[in-house]
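Inspection log for the structure reproduced underneath, given as structure tokens.
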Amino acid sequence: MADFPLLNASANAAANEAPAPVGPLMPTQLAPGGAPIRHRLPGAEAADAGITLSQLTLAALWHVTAWPAALAEVEAALAERVDARPPTPGSWTPGADGAALVRTGPLAWLVLATAPEARAAAPQRLAGPPLDPSLGTALDLSHARTALLLAGPALGAVLARLVSVDTRPAAMAEGRAFTAPIHGHPVQWLARADGVALLLPRSFARGLTELTVETACPYGCDAG
Amino acid sequence: MTGYRLRSGGVVDRTQPLRFAWDGTRYTGLAGDTLGSAMMANGIHTVARGFKYHRPRGIMTAGVEETGALVTLGRGARREPNAKAPAVELVEGLEAWGQNAWPSVRFDVGRINDVMGRFFAAGFYYKTFFGITGRGTGEWMLFERLIRAAAGMGRAADPADMRAGAGAGAGAGAGAGAGARTAGETWDLAHDHCDVLVVGAGPAGLAAAEAAAAGGADVLVIEQDFEPGGRLIGRADGVEGQPADTWIADRVAALHRAGARLLTRATAFGLYDANVVGVFQRAPDANGAGPSGTLRIVRPERVILATGGLERPIVCGGNDRPGVLLAGAAERYVARWGVTPGASCLVATADDAAYETAATLAAAGVAVTVADVRIGAGGPAREAAAAAGARIHDGMVPVRVAGRWTAHHAVQAVALGRVADTDPERPKAPDTPAPEAPASSARGGALAGTGIATAAIERWVEADCLALSGGWSPAIHLVCHRGVKPAFDPAQGAFRIAEDACPEGLALAGAADARADTADAVADGRHAGETAAARLAGRPAPRARPGVTAPTAARLYEVRWRDGKTKAFVDPQHDVTADDVRLAAREGYVSVEHMKRYTTLGMATDQGKTGGLVGLALLAEATGRSIPETGITTFRPPYTPVPIAAFAGRARGADWQPERLTPLHDVQAEAGAVFTDAGRWRRAWYHRRPGEGIETAYVREARTVRESVGMVDVSTLGKIDVMGPDAAEFLNRVYVNGFAKLPVGRCRYGVMLRDDGIVLDDGVSWRLAEDRFWMTTTTAEAAKVMHWLEYLIAWRWPELRVHVASSTDQWAGIAVAGPRARSALSRVVAAAAVDGEALPFMGIVETRATVAGGTVPVRIGRVSFSGELAYEVHVPAGWGAAVWQALATAVAAEGGAPYGTEALGALRIEKGHVTVAELDGRTTLADAGLGRMASTKKAFVGRALMAREGLLEESRPQLAHVVPIAATDAAPAGGEPGTQADAGLTTEAVRTRFGGGAILCDPTAPGGVGGRAGHGIGWITGVTESPSFGGWLGIGFVEGGPAAWEGREILVREPTVDGGKGRETRARVLSPHRLDPDGARMRA
């Protein structure tokens, strides 16, 4: 039988010291790693930022689904792997080493690790598929998504202009997770203490980030 | 009318002047003004022209119900026609222009239409269908031009304006650091959620919101004005023991303390299923740098409609002259803006409320005369008006309004009459002892009859302003958007919504439910707010609904002049007169909906706000029916106009659809690639070299692939991971060919059908493990296939243990094709990994590629779309650019080059491979030449219906190559090449090219369905200049396929090209599988 190590690109990269992967194609409105770019309406150049937008590094991202009969086992296995409480549907829980467990559906999870630095190896606990194949399936999507963090006092106003779901503070309490499209394209949202994280499809990352910056601009947006 | 600013009064900021321009002339208003009040304060009395007759029009209301003062705001790309001046907030630098007039609204040559008014009665344009001389259509074609030229109100910004504004507006919508990607005006679209939405921040709305917030609800209040308070703003009388302005401020403060949100300048324009409310919120300064407005979609748990009431006019002769306005509006101009509409005012009323207008105007120094159709009615308000100096005439009605020639026919005097005692329809107050003996204690009340009165002129009253009040109607438009039918309330003389008719979660409060008295409205609003909060909390409603003060209005819709004819307007916006309504009835348009359309009554921006009910009353009278029997027209969104651009929000220009970029986009762009759209994707179209255009570049690229090696970005292929122990069985059912026995380490081309036996998509599935496949789909159908597979798993075969997940974005894909492909690839990966033994045709391997800075994992399959020796190299997206650069160097070293989608298309056309252009939802396996792929040993989706008789006919269009007949070609059977005589063709010259989409016809059957007069016998799906065959090559479908056309000529028709003249090209039909038919190149 042939060997197909790319089932796990994250681990493969780390183990073989591949060069740094190129980040997703992002718009020029962002300045990752540098001083944030200030976006203000004409006449409001000196205004404080109502929104900060920054890019997060996805060190690992696994899409996990369980066979119906193995739901409880998968839930327990993932919680143990990530060292997190099992999240209820529509929520996420933090784990160890920057990892997190997101319940995206009745039988589906995302297992991810974000990092602030530009290049980050997947934590060892997520270096391989986080699930025994007898329980369900796991798919490496670490190159398929782009992570952003939105924060600031105008967060509510900007979110209301990006998604149709309820984004009032009570509905956006830390730990809430939901999938809602921006401009028709699926985006995973994770409410955090320091703002809201977005997982964008990589191929749409540039366009959706441009749209986000322009939407946030009237409120004063620092993007970096 | 000669309006002017009073020395005091109003809630405008007299320390803050605002400059504005009207028709190019500069004026000054005050902060807090509307455009309407500022124009009135500056003595501008003619602000518009009527739609049809071009009669001069002034300001007729104080809000969105305006039917006269329609103006155009701004200029160029920011021009907005049909703005209602009384509803436009005055801002510094505002520009407004008259419309529907030439050269200006002050002098309009279109006024000639008024002189010829008898030719422009209701439905005149329909009558032009018949023609004056009976020539019908011929004359209509003439009239149509004239009517179309004259039709329309105002002019929207056109594409030329937008282009001109693009340069000037660039940067306006984005920050200094961003640069605007979408130039010009911007609009936002927002989504709001709340427990209780209160529409209207008048007395009832504010009370409702405060009560709901106090009950623990999350409250959102929207108000169309730029200030909350509604008709209370600036009023001297008190509310609940407080001055009105203090009461408003206290309520707003309480809302803020409770965390409620109050949005001003926000109009609810539509109420939809599940009580979703469409709101348009205008920016404070539409000329500012930010969005001009926001379309808000509000999803509340409960809605309280405190939308207030709309005053009805009294229709009489000349009631459209500048200086005629509604009584409530006159009162608001004085109380709120400190502007009087005139120096002398006649208030004609059928309701008590107008006495407040009389008192307010009289107190402001205006000479006021009141004509009340009732006798002795008015109560305390009447006494207050009299005390302020108003002269009151009981039992009098306005009959005719005379205008002043020197002042654009503005009001000069009003003729009053007394309703004839013999008129059976005369409105009467109950318990009135005698017409001549006013009963001071009588409050009026509901009166019987049609509300149509006839009167002779008894006296003239000099006045430069006529304020009319025929009573108030609840503003019920929004609730009617939900399909609720209102019922006529004889006591109110108006339609209203029965309490039990409101949909769940919806309530009316205040004047919107005929509680016009302020105290009643406040009490009712508070009750509605408490009830909403209680319902949300699962508590019963706190108390019974408060009572309501008895209505005071007499029913009076129209006063006819007994002794003459004059134009009396029911809907001044559309120049619909009372006679028009009667004419419609006489001509058979007795249905209220038919009458509306025949006369245009209440259409467009008006939506029947003021004249709608009056029109119904007139129709009822004309047809001898009651108003309930006549019915009411259907109110539909939007309640007020919403700029179309607001619906688009930011989804325009560069943001119309976010671009989808491959991981290899930038690396190709930096190398000079030219891109094209492929659905949402941006794909490299061709890789331009100096001096090259598309025509030369793609041919060079295709030839390079045939002769050496090329590489192309195939990241857009859909990729779906099929996982689980039943993955093989699943694919075996999905594809027409077998996948159950596909060994690990191999891939296979497969085709899947829809249930109806038509091809859905094709692609290659790679077996990575016993329980794992990696499916590629066409770029175009990736999402459709993903949904299809999910559907099959969820609903049709839930017993299968298989999951699917899209991994398209995880991978960058590069196809390396050509005789030197292996050599090129061996420069990047270990040669042993990709030699013919390790990686045979349709084999797969995972290995590492050497790139700058290290090695990266790659997944390689030996798959060919071009017909050459070819490999698909897939790499996790983050390393895509690195692998592209490494391969580009290697390919160049082998004499090759990158190629784009145009060359990709050329190569596959030559090879006869199908794409979505051929698999277009009509194609069967056999049509595409793939009939032998279908397994006869297993079941698969579409198997049963693919065998339908109609799908098996040999005469069905089948895949074929089509090549034009050059002058040097041998003569086909039956004719000489390059001549038309053989088949009766009209082609003037031998053509050598044709385009995609062309129709294939049988030249021997010019009159049949397959001939040039019919729909043809096939079509072209793709064309290219062919490096392999030389010359032009088309691929497409032709009935019977190549076999049926062997040795025969076909005609390629393009009926719409060459400026519509069309073009025909003679061609031959050939097999699509002429290039390397045994596949030796692919398998090399």
Side-chain angles (χ1 to χ4, degrees), chain A residues 1-7 9 12-13 16-25 29 37-45 63 65 67 133 136-137 139-145 157 160-161 163-168 171 183 185 201-204 206-208 210-211 213-215 217-218 221, chain B residues 171-178 181-182 188-193 218 289-291 297 650-651 654-655 657-663 665-666 721 723-724 744-745 768-769 771-772 801 803 805 807-811 844-846 848 851-857 859 876-882:
Chain A
M1 184 182 297
D3 180 27
F4 295 99
L6 285 189
L7 295 178
N12 189 285
N16 292 280
E17 296 185 353
V22 176
L25 306 179
Q29 286 102 325
I37 296 177
R38 293 166 57 84
H39 300 276
R40 301 290 187 276
L41 291 177
E45 288 81 0
H63 171 73
T65 49
W67 305 124
T137 62
L139 178 63
D140 178 12
L141 293 177
S142 56
H143 288 248
R145 298 288 183 271
R161 283 159 174 75
V163 289
S164 59
V165 299
D166 188 353
T167 54
R168 286 176 289 173
H183 211 328
H185 305 293
R202 181 188 183 106
S203 54
F204 284 112
R206 179 178 288 178
L208 296 183
E210 285 170 341
L211 185 64
V213 170
E214 291 183 6
T215 302
C217 183
C221 175
Chain B
R181 299 187 315 122
T182 301
D188 258 344
L189 192 151
H191 301 270
D192 294 295
H193 299 258
D218 175 34
I297 301 170
R650 293 187 178 273
D655 289 325
Q657 285 185 336
E659 291 177 342
R660 196 172 187 189
L661 306 179
T662 78
H665 182 90
D666 282 0
D721 281 75
M723 304 167 284
V744 175
L768 305 177
D771 61 352
R772 193 149 196 153
R801 295 221 305 171
H803 283 149
S807 58
T808 301
D809 277 10
Q810 172 76 2
W811 301 90
I844 60 177
V845 65
E846 289 193 349
R848 300 191 70 82
V851 299
T855 65
V856 298
R859 177 180 291 169
W879 293 304

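Keep in mind that what you see is a predicted model, and the values were worked out from it rather than measured. So you know, we letter chains A, B, ... as the sequences are listed, proteins then strands, and number each from 1.
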Only counting residues at least two apart or in another chain, list the ones meeting ring-ring contact (aromatic ring centres under 6.0 Å, His included) with H63(A).
->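 Partners of H63(A) under the ring-ring contact (aromatic ring centres under 6.0 Å, His included) test: none.
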
Those residues that, when tested against D188(B), pass salt bridge (charged side-chain N to carboxylate O under 4.0 Å, His left out) (two or more places apart) =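 Counting only residues at least two positions away or on another chain, D188(B) forms a salt bridge (charged side-chain N to carboxylate O under 4.0 Å, His left out) with R161(A), R650(B).
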
For S203(A), the option from L661(B), D809(B), T662(B), T808(B) that meets side-chain contact (heavy atoms from CB on, under 4.5 Å) |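 So, applying the side-chain contact (heavy atoms from CB on, under 4.5 Å) to S203(A) and each of L661(B), D809(B), T662(B), T808(B), only D809(B) qualifies.
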
Based on non-hydrogen pairs under 4.5 Å, which of D666(B), I297(B), L189(B) is most in contact with chain A?
->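 Heavy-atom pair counts peak at D666(B).
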
Contacting moiety of A877(B), where chain A heavy atoms sit under 4.5 Å =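 A877(B) touches chain A through backbone and side-chain heavy atoms alike.
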
Based on non-hydrogen pairs under 4.5 Å, which of L208(A), T167(A), T215(A) is most in contact with chain B?
->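 With the most close heavy-atom pairs to chain B, the winner is T215(A).
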
Can you say whether the rings of F204(A) and H185(A) are parallel (under 30°), tilted (30 to 60°) or perpendicular (over 60°)?
->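 Plane angle under 30°, so parallel.
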
